[in-house]
Amino acid sequence: MARTVSLLRAALVLLVWQGALAEKLTGILGGAMMPDRGSVVAAGGGAGGGTKDSMRPSLPMRVAYQGEPGAYSEKSTRELLGRNVVAVGRPSFEECFRAVASHECDYACLPVENSLGGSIHENYDLMLRYDLTIVAEHEFRVHHCLMVKEGVKRDEIKYAISHPQALAQCDNYLRGLGITPIPTYDTAGSAKMISEGKLPDKCTPENTAAIASDLAAQLYGLKCLDTAIEDDDTNFTRFLLLGRKGIVQYLGKKTPSKTSVVFTLPNVKGALYKALACFSLRDIDFSKIESRPTSASLLNYLKFRSQQKSGQNSSTKSDLPRFRYCFYLDFLDNELSENAQNALHHLREQADFLRVLGSYPQKSRLVGPVADASEELKHLHVADRDALSLRTLPSEEEDVQPLKIGIIGYGAFGQFLSKRLSMKHRVSCMDPLDKSKEAEAQGVDYFPPFESLSFLSDLDVVILAVPLIDFDAVVSSLPADQLRGKLIVEVCPLSEHPKSVLMRHLGKDVDVICSHPMFGPRNSPSNGGWDGLPFVYEKVRIKDTRRCDQFLQIFEQERCQMVEMTAEQHDTLTADASFVTHLTGRLLDRSWLPPTPVISKEYAALCEVADLTNDDSFDLFYGMFKYNDRAKSHLNQMRDNLAKVERQLAAKEAYLSATAALQNSDRQRLIAECKSLLQEVAQSSRPVSQEESDDASTKQHPKVIAFNPTTSNKETVEKVSFLTEATRLVTKGDGKKPKS
């Protein structure tokens, strides 16, 4: 058995050096048969992705951090994952998120709060924008060091350069030495500036020190004169390790765990109290809660994503305020525990939006694939330590040329896209109408349809921005041989029909993306940016992944919310809503909605729908009708609903008319009765002679009430009061009879 294992190891080593699929073989053979990573390192970038040169050795795990090499973020990364981890410095926090989302890095180690400086809100916002999950946390003790070039003495130092926050945390120490602080962009960057001699005015390598980590001193060849020079020894920074997949399934019942969630609540009294009660009623402890304002456009997108994942289609209000508050909560329990599941289910019933950011072990513990990779790194022998600290990613090392993009259909939406695309790429357009003036205004080359061969000859990407009803004819008219090797992107409001057309007409050597930018010239922000707007797409058929990623990065860099789903899913979720919206807008004649000085939110929303839909061409609306199987049923339902409203109005009108007629009939009858009673009272109140009394008694007239002198006047008074009330009620017209 040992000999077999040795032979398999030797074969695997040979395959690895030849650039074979090391990870796949390693998974098949098992951990006992892995090669000794002290002598062999997997080619092709390991879990971090491919590199430009497949024969160049790289390491199995890359972790992005913000800052220059030697920054505190890099030191925290190495404390958490081991000194052999490949740390990749990025210029901004968002670049770290993008590196992980694009599979160029496996994880990102980012700070979220400092015991002295508070929370780093930018990273909380980015956790909402990117679908990354927290897999670990690390509380890093910040120790500031004073470092200089070799040979410089303490009494020669006049200036200290570093990040403003680091300088503020060492203010007492610098004052004691009479050193003038000069702020710079970064702690490790200040050490780099001394090493390279690129210093601010009045500063020289002989009179200037840097305040940074001891790791920065090692990397840039500087000497630490003093360590732990901070004024407050309680300076801790909490870092989160973010990855593409969670590790909650690896958390044991006895593993101390923490779960981070973010949610929004309706603007009602006691909403936060009730939300926190979901956890307190189940004895779940909190370690952090914080509120943070978040833009309405981002919240709308988050609700859309949560509906898309859950398969529900609940209504969302379009009159959200510009900012809504998100609540970030950390509770000390495993997401999968019974208590936590009940609490989260209870919270979902109350919250407008809820996302679990991650469930992970407490206090720098590692589990699952992260722990395995970290343990593997401990046994790795690296001859060149510089290879463990990278400043660039493989994609940045490549010579990336601007894309040559052609837009077929240069209407309002085609012009809207070209205005943004032409900023960094070469754009041309083709349209049956003469769009030369519009194209020239945006720096775009215009081609008429009879020059289609010249138009298509040198393109990388072809965007089809044509109406749905013309889509089949346009695609079939294009020369198939000129489309080979190109990326075809359709941007129609419905995707299922264009997808079937492209699959039917185009060969397998043509890459295809079905997309729907859910924004346009009338509903994008006034500044022209696409920040927070959803871009839905499907990679239908892709061979050139590099070109595909470069095209999608155009929208990612514009900070669009990238939503990947199939064309069929897209149409199921959005086609009905789009058709009903456009149908409603077209039913509303804008002349019916005149501007008024006093306007409600509902009226404003109605005017906005009418404006947005009436400006679109009828061909667009007809395409939504023709290629949506449910459009006719929606149209019939709209007609039935209108007839139902008409019936309800007619029934209400008939009811009110009948009620009025009945009340009028009752009123006439009451008046007649009152007249009769008044006559009776008048006659009964007049004294009568003995002859009239005898005559009345003999005739026994039923309507006349004879006056009895012995009867008290009380009965007469009661009759008069009764008649007075009856007269008042009849005059008032309420139709009610007086009580007898």
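For the numbers below, each heavy atom of this structure counts, side chains included, while hydrogens, waters and symmetry mates do not. We're numbering straight along the sequence, starting at 1.
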Who are the ring pair (Phe, Tyr, Trp, His ring centres under 6.0 Å) partners of [X], not counting sequence neighbours?
| X | value |
| --- | --- |
| Y173 | none |
| F97 | Y130 |
| Y185 | none |
| F93 | none |

Centroid separation [X] to [Y] less than 6.0 Å:
| X | Y | answer |
| --- | --- | --- |
| F140 | F236 | no |
| F327 | F263 | yes |
| H425 | F551 | no |

Go through it in stages, so that I can follow the logic: the residues are L81 and V63, the test is side-chain contact (heavy atoms from CB on, under 4.5 Å), and I'd like the CA-CA distance, side-chain angles, deciding distance and then a yes or no. CA-CA 9 Å; L81 300 172; V63 180; 3.5 Å; yes
[atom1]-[atom2] distance between [X] and [Y], expressed to the nearest 0.5 angstrom:
| X | Y | atom1 | atom2 | value |
| --- | --- | --- | --- | --- |
| I179 | I157 | CD1 | CD1 | 5.0 Å |
| T133 | I247 | OG1 | CD1 | 9.5 Å |
| K288 | K258 | NZ | NZ | 9.5 Å |

If we check side-chain contact (heavy atoms from CB on, under 4.5 Å) with I161, which of these qualifies: L167, I194, T187, T180? I194
Which atom pair, heavy atoms only, marks the closest approach of I211 to A166? CG2-CB, 4.4 Å
So which heavy atom on Y220 is nearest to which on P69, and how close? OH-O, 2.9 Å
Given side chains that start at C-beta, do those of L240 and N123 come closer than 4.5 Å, heavy atoms only?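 Result no, sub-4.5 Å side-chain heavy-atom pair not found.
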Hey, what's the ring geometry for H144 with Y72, parallel, tilted or perpendicular (30° and 60° as the breaks)?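 Perpendicular.
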Hey, does the side chain of T77 reach the backbone of S73 with a donor-acceptor pair shorter than 3.5 angstrom? yes
With the threshold set at 4.0 Å, does a side-chain nitrogen-carboxylate oxygen contact exist between R547 and D460? no
Which residue pairs pass the salt bridge (Lys or Arg N to Asp or Glu O under 4.0 Å) test when at least one of the two sits in residues 213-228, sequence neighbours left out?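 Applying salt bridge (Lys or Arg N to Asp or Glu O under 4.0 Å) to every pair that reaches into residues 213-228, excluding sequence neighbours, yields K75-D214, R154-D226.
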Determine which pairs satisfy salt bridge (Lys or Arg N to Asp or Glu O under 4.0 Å) with at least one residue from residues 156-178, sequence neighbours left out, and list them in order.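 As it turns out, the salt bridge (Lys or Arg N to Asp or Glu O under 4.0 Å) pairs with a partner in residues 156-178, which skip direct neighbours, are D171-R175.
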Test side-chain contact (heavy atoms from CB on, under 4.5 Å) on E230 and H143; report intermediate values, then the result. CA-CA 7 Å; E230 61 275 2; H143 287 291; 3.4 Å; yes
